[in-house]
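Index from 1, following the sequence.
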Amino acid sequence: MTKKPVKSVMPSAVRAKARAPAAGEAAPSSNRATRAAERRAAIVEAAMEEFIARGFAATRLDDIAKRAGVAKGTIYLHFKDKESMFEELVRTVIVPVVARLTALPPPTGSVRDLVEGFAGDFLKEVIGTRRGDLVRLIVAEGPRFPSVADFYYREVVSRGIAGMRALIELGIARGEIREKNLARYPQILVAPAMIAVIWQSLFARHAPLDAQDMLRVHLDLIFGERRAT
């Protein structure tokens, strides 16, 4: 299998923290902390590549250590096991994307504009990136590892659902959304994103999918077609 070119999706702030010494700290202590942070970041990135290439079950700590360029024992200085490493990966790579949804200010424009903007950004940051690969891995292996699926639900899915429900309820209150039962099933609002993630890996070579256009059609069904200006 040909490996995809690696494009880091680790937040720049995390990488910067790994490189930059804290202000006012003694140089030796600062250097040790910097090296430890760099090793931790390298382990997390190596874990992501191994999980995506081999799957969660088949990935070995020895392979992660080799890819990260550290001794296997070094991994245990930062993580107790493979599961805790995977959790750190989700927190670092995916949780910040979803956190933006719960931090969105009340829209000054339409709810549709806000949803379309966030969903569009989500598609750009997930489709065709390592984040998308990670989501597909969870979908594929979650049933075999309930604790991993449970963690992902708590940290990602439940937060995203809560954010979507809040936007739907606002849209209903403003009269932008007529179907009040949509608030019971906020999963419907984000369904195109999940379809696009799965479609990309399975069927894109047979029938490329324009995820952005599908999203616009989907929102037309929920909010009504945009009027020509």
Legend entry - Any donor-acceptor pair under 3.5 Å from Glu225 side chain to Asp220 backbone: no

Legend entry - Test salt bridge (Lys or Arg N to Asp or Glu O under 4.0 Å) applied to Arg60 - qualifying residues, sequence neighbours left out: Asp63

Inset, instruction - Can you sort out the partners of Glu116 under side-chain contact (heavy atoms from CB on, under 4.5 Å), two or more places apart, ordered by chain and number? - result: Arg112, Arg216, Leu219, Arg226

Legend entry - CA sep, side-chain torsions, deciding dist, call: Gln212, Lys124, side chain to side chain contact (heavy atoms under 4.5 Å, CB included): CA-CA 9 Å; Gln212 294 286 355; Lys124 290 177 185 176; 4.0 Å; yes

Inset, instruction - Scan residues 50-75 for pairs that pass ring-ring contact (aromatic ring centres under 6.0 Å, His included), counting only residues two or more places apart or in two chains. - result: Phe51-Phe56, Phe51-Phe86, Phe56-Phe86, Phe56-Phe145

Inset, instruction - Check step by step if side chain to side chain contact (heavy atoms under 4.5 Å, CB included) holds for Phe151 and Val156. - result: CA-CA 8 Å; Phe151 172 81; Val156 178; over 6 Å; no

Legend entry - Distance, nearest 0.5 Å, that separates NZ of Lys72 from CG of Asp62: 4.0 Å

Inset, instruction - Evaluate the side-chain proximity of Tyr152 to Val135: yes if any heavy-atom separation is below 4.5 Å, no if none is. - result: yes

Legend entry - Nearest atoms (heavy-atom pairs only) where Arg136 meets Ser201: CD-OG, 2.8 Å

Inset, instruction - Rounded to the nearest 0.5 Å, what's the gap from CG on Leu202 to NE2 on His206? Could you check? - result: 9.0 Å

Inset, instruction - State, without any angle test, whether Thr34 and Asn31 hold a side-chain donor-acceptor pair at a distance under 3.5 Å. - result: no

Legend entry - For the student: nearest non-hydrogen atoms of Pro143 and Ile138, plus distance: CD-O, 4.4 Å

Inset, instruction - Quick one: closest heavy-atom pair of Ala149 and Gly142, and the distance? - result: CB-O, 3.9 Å

Inset, instruction - Provide the closest heavy-atom pair for Glu141 versus Ala57 in the form atom of the first, atom of the second, distance. - result: OE1-N, 3.2 Å

Legend entry - Cluster companions of Leu221 among Ile, Leu, Val, Met, Phe, Trp, Tyr (side-chain spacing under 4.5 Å): none

Legend entry - Separation between CG of Leu61 and CD of Glu50, rounded to the nearest 0.5 Å: 10.5 Å

Inset, instruction - Treat each ILVMFWY residue as a node, draw an edge where side-chain heavy atoms are under 4.5 Å apart, and state whether Ile198 and Ile52 are in one component. - result: no

Legend entry - Considering all heavy atoms, the nearest Gly55-Leu137 contact: CA-CD1, 3.8 Å

Inset, instruction - Please determine, by modelled atom types, if Asp81 and Ser84 share a side-chain donor-acceptor pair under 3.5 angstrom. - result: yes

Legend entry - Point-to-point distance, once rounded to the nearest 0.5 Å, from CZ of Arg39 to OG1 of Thr74: 6.5 Å

Inset, instruction - Identify whether Met164 and Ile222 are in the same connected component of the hydrophobic contact network (ILVMFWY, side-chain heavy atoms under 4.5 Å). - result: yes

Inset, instruction - Indicate yes or no: at least one non-hydrogen side-chain atom of Arg165 is less than 4.5 angstrom from one of Ile161. - result: yes

Inset, instruction - Report the C-alpha distance between Asp113 and Ser110 in whole Å, list the side-chain angles of each, state the deciding distance to 0.1 Å, and finish with yes or no for side-chain hydrogen bond (donor to acceptor under 3.5 Å, both in side chains). - result: CA-CA 5 Å; Asp113 287 340; Ser110 70; 3.1 Å; yes

Legend entry - Those residues that, when tested against Phe203, pass ring pair (Phe, Tyr, Trp, His ring centres under 6.0 Å) (two or more places apart): Trp199

Inset, instruction - Show the numbers, then the answer: is there a side chain to side chain contact (heavy atoms under 4.5 Å, CB included) between Met85 and Ile64? - result: CA-CA 10 Å; Met85 194 183 307; Ile64 294 174; 3.5 Å; yes

Inset, instruction - Flag yes if Ile195 and Val97 sit in one hydrophobic cluster, no otherwise; membership is Ile, Leu, Val, Met, Phe, Trp, Tyr, and two members link when side-chain heavy atoms are under 4.5 Å apart. - result: no

Legend entry - Euclidean distance, Thr129 OG1 relative to Gln200 CD, rounded to 0.5 Å: 10.0 Å

Inset, instruction - Determine, using the 4.5 Å side-chain heavy-atom cutoff (strictly less than), whether Ile172 and Leu114 are members of one ILVMFWY cluster. - result: yes

Inset, instruction - For the pair Thr59 (side chain) and Arg54 (backbone), establish whether a donor and an acceptor sit closer than 3.5 Å, ignoring hydrogens and angles. - result: no

Legend entry - Side-chain heavy-atom pair Arg40, Phe79 within 4.5 angstrom cut-off: yes

Inset, instruction - With the side chain counted from C-beta on, respond yes when His78 and Ile43 share a heavy-atom pair under 4.5 Å apart, and no when they do not. - result: yes

Legend entry - Hydrophobic cluster identity match, Met48 and Val70, side-chain contacts under 4.5 Å: yes

Side-chain donor-acceptor contacts of residues 179-191 below 3.5 Å, not counting sequence neighbours, with atom names and distances?
from	atom 1	to	atom 2	distance (Å)
Glu179	OE2	Asn181	N	3.0
Glu179	OE2	Asn181	ND2	3.4

Inset, instruction - Report yes or no: does Arg159 contribute a side-chain atom to a donor-acceptor pair with the main-chain N or O of Ala99 at less than 3.5 Å? - result: no

Inset, instruction - Give a yes or no on this: more than 12 heavy atoms of other residues, nucleotides or ligands lie within 6.0 Å of atom CZ of Arg178. - result: no

Legend entry - Nearest heavy atoms of Leu123 and Ala196, plus distance in Å: CD2-CB, 4.2 Å

Inset, instruction - In plain terms, say whether Arg67 and Glu45 are close enough for a salt bridge, that is, a side-chain N and a carboxylate O under 4.0 Å apart. - result: no

Legend entry - Check against side chain to side chain contact (heavy atoms under 4.5 Å, CB included), Arg130 and Leu134: CA-CA 6 Å; Arg130 285 304 196 229; Leu134 200 57; over 6 Å; no

